[in-house]
Amino acid sequence: QVQLEESGGGLVQAGGSLRLSCATSGRTFSSYAVGWFRQAPGKEREFVASISRSGGNTAYADSIKGRFTISRDSAKNTVYLQMNSLNPEDTAVYYCAANRYYDGSSSSGYNYWGQGTQVTVSS
């Protein structure tokens with residue numbers, strides 16, 4: 001069992017930046033692929049970005065390409081989502097998810113989920 005905890009969410013103006021963190025408790029991230037998902041009010045949960053176990057491969061949703069960057073620091077048991085050029089459409093609860101093997105875009109492929117962190121972008 002893996003415990004995930006997101007942090008770094010908050011309120012930011014359009015055009016601003018935030019960095020989300022996802023940290024483990026009791027187990028390292030070194031052998032886990034990690035994905036970020038988000039869910040806005042009234043909308044389905046959607047894929048944002050993912051990173052492979054080694055950190056060498058990343059994938060992004062078209063809506064955030066060029067603005068968000070996913071990275072990981074295995075020594076710190078932490079995965080980051082750097083979000084730049086934020087706009088109100090990015091407002092959502094952001095979730096970190098992990099799997100021992102899967103690093104794709106489908107939420108059903110991830111075994112472990114954090115509680116989410118709220119990101120609100122004002123106009």
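Computation of the quantities below employed the complete heavy-atom set of this structure, encompassing side-chain atoms and omitting hydrogens, waters and symmetry-equivalent molecules.
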message: Against the six-membered ring of Tyr95, is Arg45 placed for a cation-pi contact (under 6.0 Å from the centre, within 45° of the normal)?
response: yes
message: Show the nearest heavy-atom pair for residues Asp90 and Ser85, with the distance to one decimal.
response: OD2-O, 4.3 Å
- prompt: If you measure from CD on Glu5 to CD on Gln3, what distance do you get to the nearest 0.5 Å?
  reply: 9.5 Å
- prompt: Which distance, rounded to the nearest 0.5 Å, do you find between the CG of Asp103 and the CD1 of Ile51?
  reply: 9.5 Å
query: Roughly how far apart are Ser21 OG and Asn77 CG, rounded to 0.5 Å?
result: 12.5 Å
- line: Here the gap from Glu44 atom CD to Ser107 atom OG, rounded to the nearest 0.5 Å, amounts to 9.5 Å
message: Taking Ser52's backbone N and O only, do any of them form a donor-acceptor pair with Arg72's side chain (distance below 3.5 Å, no angle check)?
response: yes
Side chain proximity check, Thr69 to Met83, heavy atoms < 4.5 angstrom: no
task: Run the numbers on Arg100 and Ser31 for side-chain contact (heavy atoms from CB on, under 4.5 Å), then give the verdict.
output: CA-CA 6 Å; Arg100 181 70 171 80; Ser31 61; 3.5 Å; yes
field: Validation row: Thr117, Val93 side chains within 4.5 angstrom (heavy atoms)
entry: no
task: Mind checking the OH-SG spacing from Tyr112 to Cys22? Nearest 0.5 Å is all I need.
output: 13.5 Å
task: Consider only side-chain heavy atoms of I, L, V, M, F, W and Y, link residues closer than 4.5 Å, and tell whether Val34 and Phe47 are in one cluster.
output: no
message: Hydrogens and angles aside, do Asn84 and Ser17 bring a side-chain donor and acceptor to less than 3.5 Å of each other?
response: yes
field: Joint cluster assignment, Ile70 & Leu20, ILVMFWY side-chain distance < 4.5 Å
entry: yes
message: Are Val119 and Thr91 packed together at the side-chain level, in the sense that at least one heavy-atom pair is separated by less than 4.5 angstrom?
response: no
query: Roughly how far, to the nearest 0.5 Å, is the OG atom of Ser106 from the CG atom of Asn99?
result: 10.5 Å
query: What do the steps show when you test Tyr32 against Tyr101 for ring-ring contact (aromatic ring centres under 6.0 Å, His included), and what is the final call?
result: CA-CA 7 Å; Tyr32 284 81; Tyr101 305 103; 8.6 Å; no
query: Side-chain contact, heavy-atom cut-off 4.5 Å: Leu81 with Arg19?
result: no
query: Do the side chains of Tyr80 and Phe68 join up, straight or via other hydrophobic residues, at under 4.5 Å, putting them in one cluster?
result: no
- prompt: With a 4.5 Å limit on heavy-atom distance, are the side chains of Arg38 and Glu46 in contact?
  reply: yes
message: Under 4.5 Å between side-chain heavy atoms, counting indirect links through other Ile/Leu/Val/Met/Phe/Trp/Tyr residues: same cluster for Tyr94 and Tyr60 or not?
response: yes
- prompt: More than 12 non-hydrogen atoms from neighbouring residues, nucleotides or ligands closer than 6.0 Å to CD on Gln118, yes or no?
  reply: yes
task: Evaluate side-chain contact (heavy atoms from CB on, under 4.5 Å) for Cys96 paired with Trp36, printing each intermediate quantity in order.
output: CA-CA 5 Å; Cys96 176; Trp36 284 97; 4.0 Å; yes
- prompt: Is Tyr110 close to Ser50 at the side-chain level, that is, under 4.5 Å between some pair of heavy atoms?
  reply: yes
- request: Group every Ile, Leu, Val, Met, Phe, Trp and Tyr by side-chain heavy-atom contacts under 4.5 Å, then state whether Ile64 and Leu18 land in the same group.
  value: yes
Thr120 and Val12, any side-chain heavy atoms less than 4.5 Å apart: no
